[in-house]
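Comments concern the structure below.
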Amino acid sequence: MAVQKDDELEIYRHSAAHVMAHAVSELFPGVKLGIGPPIEDGFYYDFDLDHSLTTEDLEKIEEKMREIVKRDEPFIREEIPKDEAIKLFTSLNQPFKVELIKEIEDDKLTIYREGNFVDLCRGPHLSSTGKIKAFKLLSVAGAYWRGDEKNAMLQRIYGTSFKTQNELDEYLKKLEEAAKRDHRKLGKELDLFSFHEVAGAGLVFYHPKGAVLRFILEDFIKMEHAKRGYQFVITPHILKGDLWKISGHYDFYRENMYFFEIDEKEYAVKPMNCLGHILIYQTKPRSYRELPIRFFELGTVYRYERSGVLHGLLRVRGFTQDDAHIFCSIEQLEDEIIGVLDFAFYTLKTFGFKEYEIKLSTRPEKYAGTPEIWEEATKALKQAMEHHGVAYEVDPGEGVFYGPKIDIKLKDAIGRFWQATTIQVDFNNPERFDMVYWGQDNLQHQPVMIHRAIFGSLERFTGALIEHYAGALPVWLSPVQVVVIPIANRHFDYAQKVAQRLSQEKIRFEVDERSESIGKKVRDAQIQKVPYMLVVGDKEVEKRVVALRERKEGDKGQISLDNFIKKIKKEIEEKF
RNA sequence: GCCGGCGUAGCUCAGCUGGUAGAGCAAGUGAUUUGUAAUCACUAGGUCGGGGGUUCGAAUCCCUUCGCCGGCUCCA
């Protein structure tokens, strides 16, 4: 049996999951039990039940759980032989448990009883149900038995539990707070982007303010690529089907692509940019002297994603990648990966991301190339990460069909991780496209190809950014950096003078000339999360200054316009 | 794609068991000229996501479709 580290809270929650299953069994006799482990912030349990569970059912189940807790039934551990366990759970009509037991290698296994409820479980558990103090059932969702979509769909109840009611309340409040950071909600409130049912799911429309943010990201990433020796290219959005056959996408990626016909020829909308870059590489003989060749493109791609997986900006059907393909010699591979990692870490830091996950994904079931080639590429990726001394986890079998990859994942408001940066080694396409370069030895060699994106997708990165800052973007990223607020009509002239100056300094501003109270104008600017407000009234006109209000700190008093401009320009410069 | 839930004015939401829609904010108009998170009044605005059905009558019930939400699966 595998050794597992059971932290106290995990045991606690695991016991809560048992109590929940117990409650469901009492309320719905005949329910078939799946599995019910503790998870990061709570626990779940899967049930096979004819009746569809509703929110009201959750309340009833909670009620029943409280009853079981009150009964304070001891958790009793029992060791029984495998065949006896099979008999027991067969008699209890628990086929999923029987299936699990049959796969356990040990001849002895453990069950836990509490009252008249029995569950297959290796434990450990609390001493009795009465030890569970605070819990809440959160949601019910579908989940395939054993995570396989060919299997039955069970109903999963998610819940959480804490040792005190206080901690539980705090957690629930945290969830509420997280919902406020949701980029989908903020995107609407801040007038950044929209989706349209009439246009199609997963297709983003950037509004003027969203477009400002988008352009800032584009400018930044273009500049950085230029600095790092990338050459810019532009390639078409549609390419003939035949080309995708050469690359293998036709076999391995077909279900994610959009095909259509022109002049009786099959075409596909590009789901990736690599082929265009390969064609450019192929336009002339290449020398080792040119390597590494780094082609960069802000490439817009379209992929068919199953309807249930779309998620605001974080998972869409049309998106733009800051995509580049590096063609280099095998000897240059590791250095190139080191360079890309450096680029990625610099970028994430600049945008304020401190928390991320680094994953190394290895060979999947469907793959192109040979195991040896995969091995070699994986080694290069590992060594590059070791060079940077970063901690990473291995995701076995999660690689793309053409090669292993490193992914950097960013956390969203409620703690889900989304892949941003990706670095993928590809030995497959150089082979399929017969790519070569002339070496110093006057012989032809095959280059290695690296697919990589730093933001990943501009859309996803924008979504992550909004959630990271809860909409309160730093000054350099704010679509509107300053709102000028004249107090009365007689201050409009002065406000316009201030505005003119801001405009000259290329600061993004608005002047609020509405016939509203100053309180209202301030409130609206705060809600729009504008970093700076400049209030101008009689006093400011007279002294030729502005009254500064900072988004987070409130009224900062008077300051000369020159000094304010100096301050804000410095912040913009420093990407603050 | 699968399981469950949801879809009412630009936004946030109300509308009990079927009797043909309502609030606040936003918008427009007018008044007000304001000192740091909501000035007041008036006006306009919806074939209740689309289509079909049940019914004398549907926002309310049923079917279907699109979209959204939470999971699951998938994920370059």
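Just so we're on the same page: letters track the sequence lines, and every chain starts at 1. Values in this document were obtained by computation on a predicted structure and should not be read as measured data.
- A:Glu305 has its CD atom 14 Å from the P atom of B:G67, to the nearest Å.
- B:C75 and B:G18: their C1' atoms are spaced 45 Å apart (whole Å).
- Evaluation of atom-type donor-acceptor distances gives no pair under 3.5 Å for the side chain of A:Arg146 against the base of B:C72.
- For the pair A:Arg184 and B:G70, the criterion of a side-chain N or O lying under 4.0 Å from OP1 or OP2 is met.
- Looking at heavy-atom distances under 4.0 Å, A:Gln155 makes no contact with the nucleic acid at all.
- For A:Tyr304 and B:G1, a side-chain-to-base donor-acceptor distance below 3.5 Å is absent, hydrogens and geometry of angles not being considered.
- Nucleotide B:C61 has B:G53 as its partner under the Watson-Crick or G-U criteria, with both atom distances under 3.5 Å.
- With salt bridges taken as basic N to acidic carboxylate O contacts below 4.0 Å, one links A:Arg306 and A:Glu149.
- You'll find the side chain of A:Ile221 reaches within 4.5 Å of the side chain of A:Phe296, heavy atoms only.
- Residue A:Ser139 has no polar side-chain atom (N or O) positioned under 4.0 Å from OP1 or OP2 of B:G70.
- Nucleic acid contact for A:Ser52: sugar-phosphate only, since backbone atoms but no base atoms lie under 4.0 Å from a heavy atom of the residue.
- Taking the C1' atoms as reference points, B:A38 lies 16 Å from B:C11, given to the whole Å.
- Across the protein-nucleic acid pair, A:Leu313 atom CG and B:C68 atom P stand 12 Å apart, rounded to whole Å.
- Taking atom CG on A:Asp50 and atom C1' on B:C3, their separation rounds to 14 Å, with Å as the unit.
- Both A:Gln526 and A:Gly200 lie close to RNA chain B; mapped to their nearest nucleotides by heavy-atom distance, the more 5′-ward contact belongs to A:Gln526.
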>> Run A:Tyr532 and A:Phe564 through ring-ring contact (aromatic ring centres under 6.0 Å, His included) and show every step you take.
In response: CA-CA 10 Å; A:Tyr532 292 112; A:Phe564 170 69; 5.4 Å; yes

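- When distances run from any side-chain atom of A:Glu197 to the nucleotides B:A37, B:G71, B:G49, the shortest one goes to B:G49.
- Rounded to whole Å, the separation between the P atoms of B:U34 and B:C42 comes to 25 Å.
- Annotation: cation-pi pair A:Arg13/A:Phe43 absent, no NZ/CZ under 6.0 Å from the ring centroid and within 45° of its normal.
- Only the P atoms considered, B:U54 is 28 Å distant from B:G67, to the nearest whole Å.
- Rounded to an integer number of Å, the gap from A:His51 NE2 to B:G4 P is 11 Å.
- Rounded to whole Å, the distance from CG on A:Asn151 to P on B:C72 is 16 Å.
- Of the nucleotides present, B:C6 is the one that pairs with B:G67 by Watson-Crick or G-U wobble criteria, both distances under 3.5 Å.
- Between A:Gly202 and A:Val316, the closest heavy-atom pair is O-CB, 3.3 Å.
- Nucleotides B:U43 and B:U47 are separated by 23 Å at their C1' atoms, to the nearest Å.
- Both A:Ala201 and A:Gly147 sit near RNA chain B, but only A:Ala201 has its closest nucleotide nearer the 5' end.
- Nucleic acid contact for A:Arg416: sugar-phosphate only, since backbone atoms but no base atoms lie under 4.0 Å from a heavy atom of the residue.
- Geometric assessment of A:Arg254 against the ring of A:Phe259 yields a positive cation-pi assignment under the 6.0 Å and 45° thresholds.
- Under 4.0 Å is where a charged nitrogen must lie from a carboxylate oxygen, and between A:Lys497 and A:Asp493 no such pair does.
- Considering only side-chain N and O atoms, A:Tyr158 lies nowhere under 4.0 angstrom from the phosphate OP1 or OP2 of B:G4.
- Here A:Gly308 lies in heavy-atom contact (under 4.0 Å) with a base.
- Using N1 to N3 plus N6-O4 or O6-N4 for Watson-Crick, or N1-O2 and O6-N3 for G-U wobble, each under 3.5 Å, B:A14 pairs with nothing.
- A:Ala453 pairs by the side-chain contact (heavy atoms from CB on, under 4.5 Å) definition with A:Asp322, A:Thr422, not counting sequence neighbours.
- The phosphate of B:U12 has OP1 or OP2 within less than 4.0 Å of a side-chain N or O from A:Lys188.
- Counting any heavy atom pair closer than 4.0 Å across all strands shown, A:His196 reaches no nucleic acid atom.
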> How would nucleotides 26-35 of chain B be written as a contact map, 5' to 3', with B for base contact, S for sugar-phosphate-only contact and - for no contact, using protein heavy atoms under 4.0 Å?
Replying inline: S----BBBBB

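- For B:U32 and B:U39, the C1' atoms lie 7 Å apart once the distance is rounded to whole Å.
- Across all strands shown, B:G28 pairs with B:C42; the Watson-Crick or G-U wobble distances both stay below 3.5 Å.
- Residue-level contact check: A:Arg549 touches the bases, meaning some heavy atom is under 4.0 Å from a base atom.
- Between the P atoms of B:A41 and B:U36, the separation comes to 22 Å (whole Å).
- Note on A:Glu398 versus A:Lys359: no salt bridge recorded, every NZ/NE/NH1/NH2 to OD/OE distance being 4.0 Å or above.
- Using C1' as the reference atom, B:C3 and B:U20 are 36 Å apart when rounded to the nearest Å.
- Minimum interatomic distance between A:Arg315 and A:Val309 (heavy atoms only, all atoms of both residues): CG-O, 3.3 Å.
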